[in-house]
Undergrad: 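First, the structure itself, so that you have it in front of you.
Every chain is numbered from 1, with letters handed out A, B, ... down the list of sequences.
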Number of protein chains: 2
Amino acid sequence: MGTPGNKIGPETRSRILDAAEALFVEHGLDATSMRMITARAEVNLAAVNYHFGSKDKLIHEVFRRRLAELNRMRLAALDEMEARARAEERPLKPSQVLEAFFRPALEMATDTRHGGHTFMRLLGRTYTEPNSFVRRFLAEEYAETLDRFLAALYGALPGVSRTEILWRFHFMMGATSYAIAGTDALRLFTGEFDDDAPERLMPRLMSFLLGGLRAPLPEWKETEE
Amino acid sequence: MGTPGNKIGPETRSRILDAAEALFVEHGLDATSMRMITARAEVNLAAVNYHFGSKDKLIHEVFRRRLAELNRMRLAALDEMEARARAEERPLKPSQVLEAFFRPALEMATDTRHGGHTFMRLLGRTYTEPNSFVRRFLAEEYAETLDRFLAALYGALPGVSRTEILWRFHFMMGATSYAIAGTDALRLFTGEFDDDAPERLMPRLMSFLLGGLRAPLPEWKETEE
DNA sequence: GTCTATAGGAGGATAGAC
DNA sequence: GTCTATCCTCCTATAGAC
């Protein structure tokens, strides 16, 4: 306000983060330039390097901020489910594990009151992106959460091999990623498309995921070969 | 060889396509420069603009070439399934529709003898990519195929609403995309991981997809609200 | 038809003024 | 701590030589 030059404020840093996040969602990481970011945040071009050191470190921080919150919610939900199961002296159900993992993601994605509701679209496509730098720290941020959830699934599905569960978890992440990226992509491919109320997405996705997770195991033609 | 200057040949054009495809898979569309492409193809920098007009048109042609073949195989498979169903005077089964759509994609992705086995990784992540130019022509290339398959699914699942089928189809595309991008991403997130024989991927994915597609429909809490 | 050379602009990063 | 000015690299595209 009274300060000379461009808009300054105690929240310069978070303005950059928000602007970068929005632009990454809209254009992708590579296609978003520092100039676009600083223009949108209404800060100087040099501010990114001053506050974050480099574009790569800014990217890292954009992801770290949201992932920390998302995984904290997921682990809290899993803790609660496990506590409830222990209290009732019965094992954890697969559907509870899925709820704890995917509901926070979908809520973050569909609740527009939440700051990061567009971030989930970015996250979903980043798993399969080739950028090795991003994938590496994504794996680090996820390590603990994924360990906990895979262990919970192993326990909830005693008859199923770990390899199979790993694959099915991976498939579920893919379906969820598309569910979140969802509406626009779907509309693009099929003109029609009226019903996309976000509150319907969760039951829709959950019933699909559960159906896939509990599907009969494929049989190997072991005899051949 | 005897020609002056750089390597020339009757297949300059396809050498550029192959080099571009490989680099797009590895680094992404934006991160791949014309210099990288022409260096790998061992042709001159100007060759891309000469043969294709621009980088965007080259991208388009990389996708068009493989998608045309993929969708031709898919439609042929669907034709065959429908002919068989007609001959036996019974309706088409959902599993047959899925087979016809997803098996050609997985075969293209896992059969290394096939030229485009890496292309499918690129395709899977492109649906959700923000680049509007690519998404637009992807929708065009897919229009006919998607119409045929959605119609077939509507017929095979008479009790299920079109909206629901559309969503589930979308979820299945997501799961398949991750299945194809698959192995490296999975390995990255979980150290362990031995069993990734590609011939096991198809039954694995199909049983998951079928389970999801035939899952009980979600109930709306219509009474509330 | 294919290559060489270069134009013209955008990218990330930084040195030094204030 | 923030801004201005600028460096150098890399991009796509093209004009003109051969």
Undergrad: Whole angstroms only, please: what is the CG-P distance between A:Asn44 and D:dT4?
TA: 5 Å
Undergrad: Under a 3.5 Å threshold, yes or no: a donor from one side chain and an acceptor from the other, between A:Arg125 and B:Ser177?
TA: no
Undergrad: Angle between ring planes, B:Phe169 versus B:Phe102, binned at 30° and 60°: parallel, tilted or perpendicular?
TA: tilted
Undergrad: Starting from C1' on D:dG1, measure out to CD on A:Glu11 and report it in whole angstrom.
TA: 15 Å
Undergrad: Take nucleotides 12-18 of chain C nucleotide by nucleotide from the 5' end and write B, S or -, depending on whether a protein heavy atom sits under 4.0 Å from the base, only from the sugar-phosphate, or from neither.
TA: BBB----
Undergrad: Could you state the atom-to-atom distance from CZ of B:Arg13 to P of C:dT2 in whole Å?
TA: 12 Å
Undergrad: Please work out whether the ring planes of B:Tyr127 and A:Tyr178 are parallel, tilted or perpendicular, with thresholds of 30° and 60°.
TA: perpendicular
Undergrad: Distance to the ring centre below 6.0 angstrom and angle to the axis at most 45 degrees; does that hold for A:Arg74 and A:Phe101?
TA: yes
Undergrad: Quick one: is D:dT2 close enough that its OP1 or OP2 comes under 4.0 Å of any side-chain N or O from A:His51?
TA: yes
Undergrad: Is the shortest side-chain N to carboxylate O distance from B:Arg65 to B:Asp18 below 4.0 Å?
TA: yes
Undergrad: What's the CG-P distance between B:Leu58 and D:dC11, to the nearest Å?
TA: 15 Å
Undergrad: Do B:Arg162 and B:Tyr154 meet the cation-pi criteria used here (NZ or CZ under 6.0 Å from the six-membered ring centre, within 45° of the axis)?
TA: yes
